[in-house]
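What follows is a short report on a single structure.
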Amino acid sequence: MENKNFKNRRDKVLEQMTNGVALIASGSMHIRSNDTEFPFRQESNFYYLTGFNEPDCLLLLCKNDKRSKVCLFLREKDPKMEMWVGKRLGVKVACEVLGLDEAYDIAMLEKELPALLKGYSSLYLDTFSDNNYLNISKKVSNELFVSRSIDISPRNFIHLNTLLEKQRLVKEPYEIEQIKKALSITTKAHHASMAMVKPGMKEYEIQAIIEYIFKKEGSEHDAYGSIVAGGNNANTLHYVENSMSLKKGDLMLIDAGCEWNYYASDITRTTPVNGKFSKPQQALYEGVLDAQEKIIKSIKPGVSKQLIQEKSELLLAGVMHDLSIIKGSFEKIMEEKLYKKYYPHGIGHWMGLDVHDTCPYKDVNGNEILFAEGMILTIEPAIYLPADDLDIPEEYRGIGIRIEDDILVNSKGFENLSSDIVKTVKDIEGICARDYKEFL
Ligand code: GLY
Ligand code: MN
Ligand code: MN
């Protein structure tokens, strides 16, 4: 994306500020063990406002009644370090390359900050964060204040995230395009996994083909840890070990999605390991699928997440009642929320730069934020039936089903951005019968 688009986003933040400085920290490297590090992934708010992907930066958006300016602290060039771990942009060219007003060496943060913060009355920052650079900024503000200098210095601390996250909730056309691209790769990966799975394979073999396709297609990161869960493992919601054998007669739940240019995709499909759903598996699967399709169809501007949550509970409780998974009257199942034992989570979440996008569900008064054009959310109804739960009829024990798609709210209602990924019993069985190499 061009610098001017990042500038537009920063300008929108600045418009909402009165006299003050907004501070947004980048991510930093994290140690995995001893001297090896986890792969670096930029902090989403920082990326959203800069498009810059180096660690150890601090962005300053400064505004008073006369003017606004944008400053960046970043790592200075260092030939020795660059030889070992890669190139750095450096201070000299940062303003020109990134379209900013001023750039400074992050090593000089404590020294340079007092002059930059003087004259402003508020700091806008993530007040919950323990980030080192934000802590230094708070310390500098405090020192300016206690020095009793005649200059105004920041004494007001305002939670910046509330402002930024509201802005990130409605996606720009560019952002929707990135998510569509991520989904086109994720589509291939899910189809390949359906075609590849055979009894006796290990869950991690399927994980490998999925992540191979993500990488081969140019995705830099997985949007989250891939879940490949055979049989009863699907009933562990965040199962990421992916270490067991896939058995004939079991289902395999895959929750995996890649990132494209920092934008996520988040897809779950549930597939029979031997290519054919059994009767009880099909009955349960089609119940969840029918619920999912009805929920998706009810999405349009003005509808609330609470409403579709209630709808999902009603529909999935109906499936559990109709298949006698929970005994007793439908009224009792609803009244006592008995369905929660097997459908314990929400119907979905916002998605964007983060798979669980950090956007609000309620406004500052506690009112539900209603769906509006440009918002993207997942719809992921599920039923989890643990193998050791003797209350469940035997033929359903050990089955876990989740079906997850990524939905854009638009002026007509909705667009299912992941509608290319097959999900009917017939279509899944059709792909299972094909050669996975067709999808590579
Ligand atoms: N993949 C995480 C989720 O579905 O929320
Ligand atoms: Mn999800
Ligand atoms: Mn998911």
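When a ligand or atom number is given, it counts from 1 through the structure's own listing order. Position 1 is the first residue of the sequence; numbering continues from there.
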**Request:** Considering only non-hydrogen protein atoms, determine which one is nearest to atom 3 (C) of ligand 1 and report residue, atom name and distance to 0.1 Å.
**Result:**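 Heavy-atom neighbour on the protein nearest atom 3 (C) of ligand 1: Asp266 OD2, 3.3 Å.
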Give a yes or no on whether a salt bridge exists between [X] and [Y], defined as a side-chain N under 4.0 angstrom from a carboxylate O.
X	Y	value
Asp255	Arg269	no
Glu82	Arg75	no
Arg41	Glu259	yes

**Message:** For the Mn ion (ligand 2), give me the closest N/O/S atom belonging to Glu380, just the atom name.
**Reply:**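 Considering only N, O and S atoms, Glu380 comes nearest to the Mn ion (ligand 2) through OE2.
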**Prompt:** Can you name the N/O/S atom of Asp266 that is nearest the Mn ion (ligand 2)?
**Reply:**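 Of all N, O or S atoms belonging to Asp266, OD2 is the one nearest the Mn ion (ligand 2).
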**Message:** Would you say the Mn ion (ligand 2) has His349 as a near neighbour, meaning an N/O/S atom of that residue under 2.8 Å away?
**Reply:**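 Within the cut-off used here (under 2.8 Å), His349 does place an N, O or S atom near the Mn ion (ligand 2).
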**Asked** For Thr378 and Asp406, does a side-chain donor sit closer than 3.5 Å to a side-chain acceptor?
**Response**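 No.
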**Asked** Can a donor-acceptor pair be found between the side chains of Glu203 and Gln207 at a distance below 3.5 Å?
**Response**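 Judged by distance alone, the side chains do not pair up.
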**Item:** Per-atom contacts, ligand 1 versus Asp255 - under 4.0 Å to a heavy atom
**Value:**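 Contacts of ligand 1 toward Asp255, numbered from 1: 1 (N), 2 (C), 3 (C), 4 (O).
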**Message:** When you compare ligand 1 with Arg402, is there at least one nitrogen or oxygen pair between them that comes in under 3.5 angstrom?
**Reply:**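 Checking ligand 1 against Arg402, no N or O pair falls under 3.5 Å apart.
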**Message:** Checking the N or O distance criterion of under 3.5 Å, is ligand 1 in contact with Thr268?
**Reply:**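 No, no N or O pair falls under 3.5 Å.
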**Request:** Please report the closest heavy-atom contact between Cys57 and Ser26, naming both atoms and the distance.
**Result:**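 The pair with the smallest heavy-atom distance is N-OG, 2.8 Å.
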**Asked** With a cut-off of under 6.0 Å to the ring centre and 45° to the axis, is Lys305 in cation-pi contact with Tyr361?
**Response**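 Verdict for Tyr361: a cation-pi partner in Lys305.
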**Atom nearest to the Mn ion (ligand 3) - Glu404, N, O or S atoms considered** =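 Within Glu404, restricted to N, O or S, the Mn ion (ligand 3) is closest to atom OE1.
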**Request:** Give a yes/no on ligand 1: does His356 have at least one heavy atom closer than 4.0 angstrom to it?
**Result:**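 Distance cut 4.0 Å: His356 passes for ligand 1.
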